[in-house]
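Here is the structure we will look at, set down as structure tokens.
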Amino acid sequence: MRTVEWDGGAVRMIDQRKLPWKLEFVRLETVEAVAESIQNMTVRGAPAIGAAAGFGLALAARKSQTNDIDALIEDLLQSADRLKAARPTAVNLAWAVDKLMRIAASGEFNNPDDLRDALLAAARQIADDDVAINSRMARRGAALVKDGATILHHCNTGALATVDYGTALGVVRAAFEAGKRIHVLLDETRPRLQGSRLSAWEMEQLGVSYDIIPDTAAGYFMASGEVDIILVGADRVAANGDFANKIGTYQLAIMAREHSIPFYTVAPTSTIDLELPSGDHIPIEQRDPAEVTTPYGNRIVPAHFKARNPAFDVTPHRYLCGIVTENGIARPPFVESLRLAVAGRAL
Ligand code: MRU
């Protein structure tokens, strides 16, 4: 089962807002519907929204009625802008859209139908590659997880956050499938509760031992000596190794340092943005305060109470032991190791 896929002229995806109560799929037939599904988090997780955007652009090409190649490219530019604007932090979205737009702008296609086919093939390839890359990355990362380890994890980085398999939770899965006895402490991850709703659902499917913990309990478990390693995902990694991930990651990194607990992010090279020298330049999405005051429609404070809702924070690279990629584990100094990883060189 894939989180997002092409379905005969439409984009089909799991509606992640309904989990863990219902496993439902939506079938989207316009690029606008795909952009909205990214914005409203029907699909979420950096690699999953990259794949969704790729299919969204392929869909836009098929829906455009024109027989003129220049007019088609003009339509695609507008769709590309709409998709990229859906969520700003995860670079995978822009990475996937730009990859397809380079094909459109290559000058190789005079016939619009040939370009439409090439874009769909490229979107399919992004999705297929994501699955292969994640399982390669997971096997590399699994070496960090000792038999008997308790892993602390934030947000959801499993199959649902990708096309399949997952990043940080992919490492957990690979360690489990290798026969290691592991336990996972899942931060519930307010306000959207990706940890308690989605990561716990995935652990249930796999049969991995876990407990959901309140985000505020992470320090308690670290201080009590229960946490052996912390694994998180990333939405964008800057050239120096600073990375944006789900809000709450930064404070985990600081506490990990205080308690000498190894702290790693797991991210495919499509999440690495070498154009940004440091995390200061990563755009941080600010979401609707209603997600804080009224999570999933449940009003927990009076309507006029004020709230703020930054969706991501930036963790400075100095807190990281390493960045697990599909090409190996990048170690400090990240400016060098990340360049090698992105160039596809073994680390
Ligand atoms: O807001 P979300 O749920 O899209 O945030 C997801 C995360 O922060 C993940 O940790 C990140 O995308 C990496 S997942 C493979």
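Everything quoted here is computed from the prediction, not taken from an experiment. All ligand and atom numbering here is 1-based and tracks the order in the structure. Positions are given from 1, in the same order as the sequence printed here.
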Under a 4.0 Å N-O cut-off, is there an ion pair linking [X] with [Y]?
X	Y	value
K146	D228	no
K22	D15	no
D215	R190	no

Quick check for students: name every N or O atom pair between ligand 1 and the protein closer than 3.5 Å, with distances.
residue: ligand 1; atom: 1 (O); partner: R87; partner atom: NH1; Å: 3.4
residue: ligand 1; atom: 1 (O); partner: R87; partner atom: NH2; Å: 2.8
residue: ligand 1; atom: 1 (O); partner: K246; partner atom: NZ; Å: 2.8
residue: ligand 1; atom: 3 (O); partner: R44; partner atom: NE; Å: 2.8
residue: ligand 1; atom: 3 (O); partner: R44; partner atom: NH2; Å: 3.2
residue: ligand 1; atom: 3 (O); partner: Q194; partner atom: NE2; Å: 2.8
residue: ligand 1; atom: 4 (O); partner: G45; partner atom: N; Å: 2.9
residue: ligand 1; atom: 4 (O); partner: R87; partner atom: NH1; Å: 2.8
residue: ligand 1; atom: 8 (O); partner: D235; partner atom: OD1; Å: 2.8
residue: ligand 1; atom: 8 (O); partner: N245; partner atom: OD1; Å: 3.2
residue: ligand 1; atom: 8 (O); partner: K246; partner atom: N; Å: 3.3
residue: ligand 1; atom: 10 (O); partner: N245; partner atom: OD1; Å: 2.6
residue: ligand 1; atom: 12 (O); partner: A46; partner atom: N; Å: 2.9
residue: ligand 1; atom: 12 (O); partner: D235; partner atom: OD1; Å: 3.4
residue: ligand 1; atom: 12 (O); partner: D235; partner atom: OD2; Å: 2.9

Parallel, tilted or perpendicular, as decided by the 30° and 60° cut-offs, for the rings of F263 and F243: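 The rings of F243 and F263 sit tilted, inter-plane angle from 30° to 60°.
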Any donor-acceptor N/O pair, T3 side chain to T162 backbone, under 3.5 Å: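 Yes: the side chain of T3 pairs with the backbone of T162.
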Residues in side-chain hydrogen bond (donor to acceptor under 3.5 Å, both in side chains) contact with E5, at least two apart in sequence or another chain: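 Expected list: R12.
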